[in-house]
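First up is the structure itself, then whatever we jot down about it.
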Amino acid sequence: MSVDSPLVTPPEDEATLLARAQALAGYTLGELALRAGLAIPADLRRDKGWVGTLLELHLGASAGSKPEQDFAHLGVELKTIPVDSQGRPLETTFVCVAPLTGNTGVVWETSHVRHKLARVLWIPVEGDRALPLAERRVGAPLLWSPSPEEEHQLRCDWEELMDLIVLGQVERITARHGEVLQIRPKAANSRALTEGIGENGQPIMTLPRGFYLKKTFTAPLLARHFLL
DNA sequence: GAATGATCATTC
DNA sequence: GAATGATCATTC
């Protein structure tokens, strides 16, 4: 079976999607790769999106790159998240590219970050690099929307970061800005460039950036789920 | 280059 | 050991 041939049809509703995700819990990536007919890379160094693609296939998402939610008809975004043996996240979570131009007048309510995070199907996957990829297990999924408190945290960080971008301070932004949401490079390498706004409002070429959720945000989110 | 999927690996 | 900055594959 080829990569562009899904194992299942797109889920007709959220409950179906969640049920499918729950049915994957406990399986190893080796088992799921075999079922999908996907070759298992030795590690993720040159296949960083492999786990995400594998789960997309099993859940009926359009595997690959489309500029929309994974389950657009359901308004749901799929996020795999690597976790340790305690279920704690091992990595930050990429949300979306940070827009560096054309931001005058943008507001949180209509932002890409808010839209992407409005409804997320989180699927924890064992990510300890000492564990062979094929032996890593899929965890119990969580269908999540931000609580009022979480949305407030996200909004505050987003507004602070977008202000810096609009004011021509993009090159002063580091990953230390933001409590739960940060901006870091999101590029092929450090030579990749995109247009941004400079200190004096002039166009500059700068590193493409992305919004990422810090582990301090995703850890409690997953932990609460674990207690339920 | 931009967007999808993210993790790697050097630095602190 | 954790976090920041750097990077990888693929499609269009």
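Quick note on labels: first sequence line is chain A, next is B, and so on, each numbered from 1.
Between the side chain of A/Asn200 and the backbone N or O of A/Gln202, no donor-acceptor pair lies under 3.5 Å. Using modelled atom types, no side-chain atom of A/Glu126 and backbone atom of A/Arg136 make a donor-acceptor pair closer than 3.5 Å. Put simply, the side chain of A/Asp163 never gets that close to the backbone of A/Val166: no donor and acceptor are under 3.5 Å apart.
Atom CG in A/Asp47 sits about 20 Å away from atom P in B/dT4, given to the nearest Å. To the nearest angstrom, P of C/dA9 lies 10 Å from CZ of A/Arg45. Between A/Lys48 atom NZ and B/dT4 atom C1' the separation is 15 Å, expressed in whole Å. Protein atom CZ of A/Arg209 is 13 Å distant from nucleotide atom P of B/dA2, rounded to whole Å. Atom pair A/Phe211:CZ and B/dA3:C1' shows a separation of 16 Å (rounding to whole Å applied). Atom CG of A/Asp70 is separated from atom P of B/dA3 by 16 Å (rounded to the nearest Å). Taking atom CH2 on A/Trp50 and atom C1' on B/dA6, their separation rounds to 14 Å, with Å as the unit. Rounded to whole angstrom, the span from the CD atom of A/Gln69 across to the P atom of B/dT4 amounts to 11 Å.
We find that A/Glu150 and A/Arg224 are joined by a salt bridge, their nearest charged nitrogen and carboxylate oxygen being less than 4.0 Å apart. Electrostatic pairing of A/Glu179 and A/Lys214 does not count as a salt bridge here, judged by no charged N lying under 4.0 Å from a carboxylate O. Under a 4.0 Å N-O distance rule, the pair A/Glu31/A/Arg35 does not qualify as a salt bridge.
Out of B/dG5, C/dT7, B/dA9, the shortest distance to the side chain of A/Arg129 is found at B/dA9. Between C/dA2, B/dG5, B/dT7, one nucleotide has an atom nearer to the side chain of A/Pro82 than all others, and that is B/dT7.
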inquiry  = Under the criterion side-chain contact (heavy atoms from CB on, under 4.5 Å), I'd like the reasoning laid out for A/Leu59 against A/Leu121: C-alpha separation, chi angles, the key distance, then a yes or no.
reply    = CA-CA 11 Å; A/Leu59 294 173; A/Leu121 180 62; 4.1 Å; yes
query = Step by step, would you call A/Glu91 with A/Ile81 a side-chain contact (heavy atoms from CB on, under 4.5 Å)?
reply = CA-CA 7 Å; A/Glu91 292 287 348; A/Ile81 183 164; over 6 Å; no
request  = Dump the intermediate steps for side-chain contact (heavy atoms from CB on, under 4.5 Å) on A/Glu14 and A/Val76, then the final yes or no.
outcome  = CA-CA 8 Å; A/Glu14 215 176 54; A/Val76 175; 3.8 Å; yes
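Side-chain atoms of A/Arg88 and A/Lys215, non-hydrogen and from C-beta on, never get closer than 4.5 Å to each other. Contact check for A/Phe217 versus A/Gln182: no side-chain heavy atoms found under the 4.5 Å cut-off. With contacts defined as side-chain heavy-atom distances shorter than 4.5 Å, the pair A/His177/A/Ile183 does not qualify.
Residues from residues 92-113 of chain A placing a heavy atom under 4.0 Å of any atom in DNA chain B, listed by number, are A/Thr92, A/Phe94, A/Val97. Non-hydrogen atoms lying under 4.0 Å from DNA chain C are contributed by A/Thr174, A/Ala175, A/Arg176, A/Gln182, A/Arg184, A/Pro185, A/Lys186, A/Ala187, A/Ala188, all within residues 166-188 of chain A.
Looking at heavy-atom distances under 4.0 Å, A/Glu77 makes contact with sugar-phosphate atoms alone, never a base. Across all strands shown, A/Leu193 has heavy atoms under 4.0 Å from sugar-phosphate atoms exclusively, and none from any base. Backbone-only contact: A/Gly52 has heavy atoms under 4.0 Å from sugar-phosphate atoms and none from a base.
OP1 or OP2 of C/dA3 has not a single side-chain nitrogen or oxygen of A/Lys214 nearer than 4.0 Å. A sub-4.0 Å separation between OP1 or OP2 of B/dA2 and a side-chain N or O of A/Thr194 is present. One finds no side-chain N or O of A/Lys79 lying less than 4.0 angstrom from the OP1 or OP2 phosphate oxygen of B/dT4. Between A/Ser190 and the phosphate of C/dG5, there is no side-chain N or O to OP1/OP2 separation shorter than 4.0 Å.
Of the residues A/Lys79, A/His115, A/Lys116, the one that meets the side-chain contact (heavy atoms from CB on, under 4.5 Å) test with A/Val95 is A/Lys116.
Contact annotation: side chain of A/Tyr212 to base of B/dA6, donor-acceptor pair present below 3.5 Å.
Axis orientation changes by 30° from one end of the helix from B/dG1-C/dC12 to B/dC12-C/dG1 to the other, with each end axis drawn from 5 pairs and the value rounded to 10°.
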Taking only nitrogen or oxygen atoms into account, show me every contact under 3.5 Å that the protein makes with nucleotides 10-12 of chain B, one pair per line with its distance.
none

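The ring pair (Phe, Tyr, Trp, His ring centres under 6.0 Å) contacts involving residues 21-61 of chain A comprise nothing, where partners must be two or more places apart or lie in separate chains. Sorted by first and then second residue, the ring pair (Phe, Tyr, Trp, His ring centres under 6.0 Å) pairs involving residues 73-96 of chain A (not counting sequence neighbours) are A/Phe94-A/Tyr212.
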